[in-house]
Amino acid sequence: MAKPSIPQGTRDFSAETVRKRNYILTTIRNVFELYGFQPLETPAMENLETLMGKYGEEGDKLIFKILNNGLSDPKNIEKARDGFEKLLEGKNTTALTERALKYDLTIPFARYIAMNHGQLTFPYKRYQMQPVWRADRPQKGRYREFTQCDADVVGSASLLNEIELANIYHTVFVNLGLQEYELKINSRKMLAALAELCGGPERMTEITIAIDKMDKIGLDKVKEELVQRGMNADQTTIIESYLNISGSNEEKLTAAKIIFGENASAEKGIEELSFILSQTKNIRVAIDFTLARGLNYYTGTIFEVKAPMQVKMGSIGGGGRYDDLTGLFGVPGIAGVGVSFGVDRIYDVLEELKLFPENLQVSTMALFLNMGETESLFSFHIAQQLRKENIACELYHEPGKMDRQFKYAEKKNIPYAVIIGSKEIENSNAVVKNLKTGEQIAVQLDELSLFLFSDNKQVTKKDFKY
RNA sequence: GUAGUCGUAGCUCAGUUGGUUAGAGCAUCAGAUUGUGAUUCUGAGGGUCGGGGGUUCGAGCCCCCUCGAUUACCCCA
């Protein structure tokens with residue numbers, strides 16, 4: 001039999017990893033809730049039609065498609081053959097795949113809004129933390145199954161949303177200890193204006209694809225690419241002066257005004273960026289005119305968060321404003337703005353910078369050593385009392401050498417061992433040993449929970465939230 | 001989809017121009033020690049050298065194919 005394995009780009013998460021991931025997820029969730037966002041979950045799979053064409057040509061290729069069931073059924077076999085022929089020609093067909101794994105959280109969200117807009121209270125603020133799947137080649141910071149955390153506001157054109165979302169980014173990253181993150185901001189309106197000056201709105205996508213590579217390949221290569229794409233000299237000069245804009249946020253805005261002059265789209269973009277920046281002075285938001293973002297449904301403000309410089313990691317979050325996301329699903333006129341956190345990349349960054357708190361790995365607070373059959377039954381009742389007080393503890397499953405039982409506690413990072421043998425039962429007390437310091441002390445049974453709780457401030461009661 | 005690097009014990013890795021029976025540390029198990037772990041000492045188990053084929057008297061090492069991991073390009077969180 002072949003060695004068991006898991007699909008490329010997927011991972012199992014052990015207890016330690018799950019706890020660290022939960023730490024990130026809880027931190028993000030708490031901030032989302034603090035700003036009044038409500039949870040939403042959507043299915044792992046969507047109808048293929050819902051996803052196709054929403055992420056650009058490349059995106060379509062990266063959608064994981066699910067093979068239909070029952071293809072070998074005699075009554076479907078003709079249809080399946082036709083479908084396969086089309087597939088070989090590079091065409092997608094629902095004859096073979098009607099469903100696909102979701103590629104991000106935004107499009108399923110838009111689909112949900114389009115289906116339920118009659119019932120929702122607007123502005124509708126939702127957050128969503130779920131896995132998504134992309135058929136990309138895995139590499140550093142890139143997985144085929146990864147978790148996104150999105151918060152979106154729909155049904156409001158107010159820039160206050162942008163300001164709140166920027167603050168959400170800031171609060172989450174500061175709470176995670178990632179002080180040195182970079183929050184970049186731009187507006188698609190600037191890129192639209194650039195396209196207008198360089199051959200028309202339809203050129204926007206190719207221009208943004210080229211200038212998005214600015215920090216990777218440099219100005220000269222970007223210019224080369226633009227020439228290849230058919231830009232004339234005047235147009236590349238304009239793009240070059242746009243890309244050369246530098247300095248403080250204010251200086252950048254001033255320079256942009258000069259380049260774009262009376263262009264309406266640019267004026268609007270500059271006005272919006274100025275307003276957002278004026279209200280986010282407490283946090284570090286930096287204009288980056290080369291920021292473009294791949295997803296083409298954005299129309300206004302766009303955000304991207306980069307990990308601290310010393311970590312070589314792409315963006316750890318991104319988002320933006322879209323005027324008409326649900327228009328794709330037949331419900332026009334609902335604008336929105338949202339942000340996304342890339343949990344898996346944030347995890348890798350925190351790991352690399354050693355920013356996870358140490359006390360995440362405490363599973364249970366105390367291990368009751370098993371000192372024999374009658375003694376263990378006695379201990380069991382004491383353990384149940386502690387559990388009633390929300391103190392997590394466990395009883396070693398069988399009598400055995402203490403050596404082994406201590407090692408078990410150590411491996412599970414359990415801070416205390418509680419020994420109740422015949423002597424202790426007689427005296428109504430327990431020997432409590434702090435496994436970190438090696439100190440041990442006899443504690444009266446009715447004071448056990450109090451002792452465990454007060455002795456070590458690091459260890460807190462299990463906090464259950466529903 | 002394109003290219004590079006790497007696959008040796010559960011884990012991290014040695015392994016000489018190709019040469020006897022493939023090693024170490026950690027981990028596991030047993031004992032020194034039947035009421036005291038993490039620090040001590042002794043011993044044991046554990047391998048189709050990713051898989052298949054080839055060259056050779058002889059392959060962990062060289063060649064071909066294949067699978068997997070990883071990194072980069074493209075794109076992205």
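Numbered from 1 within each chain, the chains take letters A, B, ... in sequence-line order.
In this structure, the nucleotide among B:A77, B:G37, B:G35 sitting nearest to the side chain of A:Val431 is B:G35. Closest to the side chain of A:Ile419, out of B:A77, B:A72, B:G35, is B:G35. In this structure, the nucleotide among B:C75, B:G35, B:A77 sitting nearest to the side chain of A:Glu58 is B:C75. Side-chain proximity of A:Arg142 to B:C74, B:G35, B:G37: nearest is B:C74. Taking every side-chain heavy atom of A:Met402 into account, B:U36 is the closest of B:U36, B:C76, B:G37.
Within 3.5 Å, a donor on the side chain of A:Lys433 pairs with an acceptor on the base of B:G37, or the reverse. Residue A:Arg137 places no side-chain atom within donor-acceptor reach of the base of B:C73, judged by atom type and a 3.5 Å distance cut-off alone. Under 3.5 Å, the side chain of A:Gln440 and the base of B:U36 form at least one donor-acceptor pair of N or O atoms. Scanning atom types as modelled, one donor and one acceptor separated by under 3.5 angstrom connect the side chain of A:Glu424 and the base of B:G35.
Remark: the separation of the C1' atoms in B:G1 and B:C74 is 9 Å, to the nearest Å. Taking atom P on both nucleotides, B:C63 is separated from B:U48 by 24 Å, rounded to a whole Å. B:A9 sits 15 Å from B:C29 when the C1' atoms are compared, rounded to a whole Å. For B:U17 and B:A30, the C1' atoms lie 44 Å apart once the distance is rounded to whole Å. If you take atom P in B:C65 and the same atom in B:A27, they sit 42 Å apart, rounded to whole Å. Only the C1' atoms considered, B:G7 is 13 Å distant from B:U66, to the nearest whole Å.
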All N/O pairs under 3.5 Å across the protein-nucleotides 26-30 of chain B interface:
| unit_1 | atom_1 | unit_2 | atom_2 | d |
| --- | --- | --- | --- | --- |
| B:U28 | OP1 | A:Lys411 | NZ | 2.6 |
| B:A30 | OP1 | A:Arg404 | NH2 | 3.4 |
| B:A30 | OP2 | A:Arg404 | NH2 | 3.2 |

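Using a 4.0 Å cut-off between a side-chain N of Lys or Arg and a carboxylate O of Asp or Glu, A:Glu58 and A:Lys61 qualify as a salt bridge. One finds a salt bridge joining A:Asp344 and A:Arg11 here, because a Lys/Arg side-chain nitrogen approaches an Asp/Glu carboxylate oxygen to under 4.0 Å.
Base-pairing analysis of RNA chain B finds the following stems of at least three consecutive Watson-Crick or G-U pairs, with both pairing distances under 3.5 Å: B:1-7 with B:67-73, B:10-13 with B:23-26, B:28-32 with B:40-44, B:50-54 with B:62-66.
Here the C1' atom of nucleotide B:G37 and the OH atom of A:Tyr416 are 16 Å apart, to the nearest Å. For the pair A:Arg144 CZ and B:C75 C1', the computed distance is 14 Å after rounding to whole Å. Rounded to an integer number of Å, the gap from A:Asp136 CG to B:U71 P is 13 Å. Distance CD (A:Glu145) to P (B:A77): 17 Å, rounded to an integer number of Å. When rounded to the nearest whole Å, the span between NZ of A:Lys140 and P of B:U70 equals 13 Å. Atom pair A:Leu62:CG and B:C75:C1' shows a separation of 7 Å (rounding to whole Å applied). One atom, CG of A:Leu435, and another, C1' of B:U36, lie 10 Å apart when rounded to the nearest Å. Taking atom CG of A:Asn413 as the reference point, atom C1' of B:G37 lies 13 Å away to the nearest angstrom.
Residues A:Lys401 and A:Gly421 each lie close to RNA chain B; by heavy-atom proximity, the contact nearer the 5' end of the strand is made by A:Lys401. Projected onto RNA chain B by closest heavy-atom contact, A:Gly9 and A:Gly342 fall at different nucleotides, the more 5' of which corresponds to A:Gly9.
Backbone-only contact: A:Asp403 has heavy atoms under 4.0 Å from sugar-phosphate atoms and none from a base. Across all strands shown, A:Gln148 has heavy atoms under 4.0 Å from sugar-phosphate atoms exclusively, and none from any base. Residue A:Lys423 is in base contact, counting any heavy-atom pair closer than 4.0 Å across all strands shown. Residue contacts for A:Gly141: at a heavy-atom cut-off of 4.0 Å it reaches a base atom on one of the strands shown. If you check every strand for non-hydrogen atoms under 4.0 Å, A:Ser315 touches sugar and phosphate atoms only. The residue A:Ser422 sits close to a base: some heavy atom pair falls under 4.0 Å. If you check every strand for non-hydrogen atoms under 4.0 Å, A:Tyr143 touches a base.
Nearest heavy atoms, A:Met231 versus A:Gln235: CA-OE1, 3.5 Å. Taking both residues in full, the closest heavy atoms of A:Thr27 and A:Val172 are given as CG2-O, 4.2 Å, listed atom of the first, atom of the second, then distance. For A:Glu394 against A:Arg387, the heavy-atom pair with the smallest separation is CA-NH2, 3.4 Å.
Side-chain atoms of A:Asn161 and A:Tyr35, non-hydrogen and from C-beta on, never get closer than 4.5 Å to each other. The shortest distance between side-chain heavy atoms of A:Phe173 and A:Leu183 does not fall below 4.5 Å. Considering only heavy atoms from C-beta on, A:Asp104 comes within 4.5 Å of A:Arg134 through its side chain. Put simply, the side chain of A:Glu375 reaches to within 4.5 Å of the side chain of A:Ser422, judged on heavy atoms.
The side chain of A:Gln405 contributes no N or O atom lying less than 4.0 Å from OP1 or OP2 of B:G37. Between A:Gln139 and B:U71, a side-chain N or O to OP1/OP2 separation shorter than 4.0 Å is absent.
Taking the ring centre of A:Tyr322 as origin, the terminal cationic atom of A:Arg188 falls outside the region bounded by 6.0 Å and 45° from the ring axis.
Between A:Phe356 and A:Tyr347, the ring planes are tilted. Angles from 30° to 60° get that label.
For the pairing with A:Met365, the side chain to side chain contact (heavy atoms under 4.5 Å, CB included) check across A:Val418, A:Ile414, A:Leu452 returns one residue only, A:Leu452.
Once the 5.5 Å centre distance and the 30° plane angle are applied, the aromatic ring of A:Phe146 is found stacked with the base of B:A77.
Panel note: side chain A:Arg345, backbone A:Ser315; a donor-acceptor pair is recorded below 3.5 Å.
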